[in-house]
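Working notes, beginning with the structure itself.
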Amino acid sequence: QVQLVESGGGLVQAGGSLRLSCATSRRTFGSYAMGWFRQTPGKEREFVAAIDTRWSGGRSYYADSVSGRFTISRDNAENTVYLQMNSLKPEDTAVYYCAADPTCCASVPGGYHYWGQGTQVTVSS
């Protein structure tokens, strides 16, 4: 079982930045590919970014809507994955979820076994 805890959400003005964190106590964290998804009411969960395991070089992948603005990274020593979000837009408002899976790096929710509880990000115009 992999428990994931997100933090760092909040309210920010358009054009601002936030950094989300997702921590786990799992010692084998480095062996899991990590993803970030987001969801708004009435819509399906949407892929944001993913990063490969430490053993595969930690390659990253992004949705077109966030490419160039968001950066996913991982600190394997701290068992934490981050999502740096810059140039935020009102349409980025959503609950953001962290996910983990031994296999890299699905862009659909079904590709991940483990999920956090989510953290709210609200971008005001």
Side-chain angles (χ1 to χ4, degrees):
Q1 186 73 12
V2 177
Q3 292 185 323
L4 304 172
V5 179
E6 301 100 333
S7 62
L11 174 64
V12 64
Q13 288 188 332
S17 298
L18 280 176
R19 188 177 79 157
L20 304 184
S21 300
C22 173
T24 176
S25 60
R26 186 82 175 189
R27 292 183 178 181
T28 56
F29 169 76
S31 298
Y32 287 83
M34 304 298 296
W36 285 98
F37 286 74
R38 64 188 182 186
Q39 190 170 23
T40 54
K43 294 189 176 181
E44 294 185 354
R45 200 163 289 190
E46 174 190 30
F47 172 75
V48 175
I51 189 166
D52 206 345
T53 69
R54 66 178 297 183
W55 313 116
S56 298
R59 289 168 296 177
S60 56
Y61 306 86
Y62 298 94
D64 289 345
S65 59
V66 307
S67 182
R69 299 188 298 122
F70 291 11
T71 302
I72 188 172
S73 61
R74 64 189 303 156
D75 184 334
N76 296 305
E78 296 294 327
N79 295 338
T80 302
V81 63
Y82 301 98
L83 185 69
Q84 177 67 43
M85 305 186 295
N86 299 329
S87 301
L88 282 161
K89 304 175 182 179
E91 51 263 44
D92 294 319
T93 295
V95 177
Y96 283 71
Y97 295 91
C98 172
D101 196 87
T103 303
C104 177
C105 284
S107 60
V108 294
Y112 295 84
H113 276 82
Y114 306 105
W115 290 87
Q117 294 301 305
T119 185
Q120 176 71 47
V121 171
T122 303
V123 184
S124 64
S125 58

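As the structure is a computational prediction, the values presented were derived from the model and not from experiment. The residues of the chain are indexed from 1 along the displayed sequence.
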Taking Y96 as the starting point, is it possible to reach Y61 by hopping between hydrophobic residues whose side chains are less than 4.5 Å apart? no
With side chains defined as the heavy atoms from C-beta onward, is the minimum distance between V12 and T122 less than 4.5 Å? no
Identify the heavy atoms of Q120 and A94 that sit nearest to each other, and give their distance. NE2-O, 3.4 Å
In this structure, would V123 and F70 fall into the same cluster of hydrophobic residues linked by side-chain contacts under 4.5 Å? yes
Go through C98 and W36 one step at a time and tell me if the side chain to side chain contact (heavy atoms under 4.5 Å, CB included) criterion holds. CA-CA 5 Å; C98 172; W36 285 98; 4.0 Å; yes
Could you work out, with side chain to side chain contact (heavy atoms under 4.5 Å, CB included) as the rule, every residue matching T71, not counting sequence neighbours? Y62, Q84
State, yes or no, whether a side-chain contact exists between V2 and Y32 at a heavy-atom distance under 4.5 Å. yes
If hydrophobic clusters are built by linking Ile, Leu, Val, Met, Phe, Trp and Tyr wherever their side-chain heavy atoms come under 4.5 Å apart, do Y114 and V81 end up in the same one? yes
Residue Q3 excluded, over 12 heavy atoms near CD under 6.0 Å: no
Using the side chain to side chain contact (heavy atoms under 4.5 Å, CB included) criterion, which residues pair with N79? Sequence neighbours excluded. T24, F29
Taking R45 for its side chain and Q39 for its backbone only, find out whether a donor-acceptor pair lies under 3.5 Å. no
Can you see which heavy atom on A33 is nearest to which on Y112, and at what distance? O-CE2, 4.4 Å
Could you state the interatomic distance from SG (C105) to CD1 (I51), rounded to the nearest 0.5 Å? 8.0 Å
Any donor-acceptor pair under 3.5 Å from T53 side chain to S31 backbone: no
Between P109 and E44, is there a side-chain heavy-atom distance shorter than 4.5 Å? no
Can you measure from OG (S125) to CD (Q13) and round to the nearest 0.5 angstrom? 9.5 Å
Would you give the length of the straight line joining atom CG of D52 to atom CZ of R54, rounded to the nearest 0.5 angstrom? 12.5 Å
Please report the closest heavy-atom contact between L88 and M85, naming both atoms and the distance. CD2-CB, 3.8 Å
Determine the interplanar angle of the W115 and Y97 rings, folded into 0 to 90°, and report it as parallel if under 30°, tilted if 30 to 60°, perpendicular if over 60°. perpendicular
For residues 14-22, which side-chain N or O atoms pair as donor and acceptor with protein atoms under 3.5 Å away, sequence neighbours left out?
| unit_1 | atom_1 | unit_2 | atom_2 | d |
| --- | --- | --- | --- | --- |
| S17 | OG | N86 | OD1 | 2.9 |

Walk me through whether S65 and E46 qualify under side chain to side chain contact (heavy atoms under 4.5 Å, CB included). CA-CA 11 Å; S65 59; E46 174 190 30; 4.2 Å; yes
Looking at every non-hydrogen atom in both residues, tell me the closest pair between M34 and A100 and how far apart they are. SD-CB, 3.5 Å
Looking only at heavy atoms, the pair that brings F37 and A106 closest together is CZ-O, 4.1 Å
CD (E91) with more than 12 external heavy atoms under 6.0 Å: yes
Co-membership, hydrophobic cluster, residues V121 and V48, 4.5 Å side-chain: yes
Mind listing the closest non-hydrogen atom pair of T40 and T93 along with its distance? CG2-O, 3.1 Å
From CD (E6) to OG1 (T80), nearest 0.5 Å: 12.0 Å
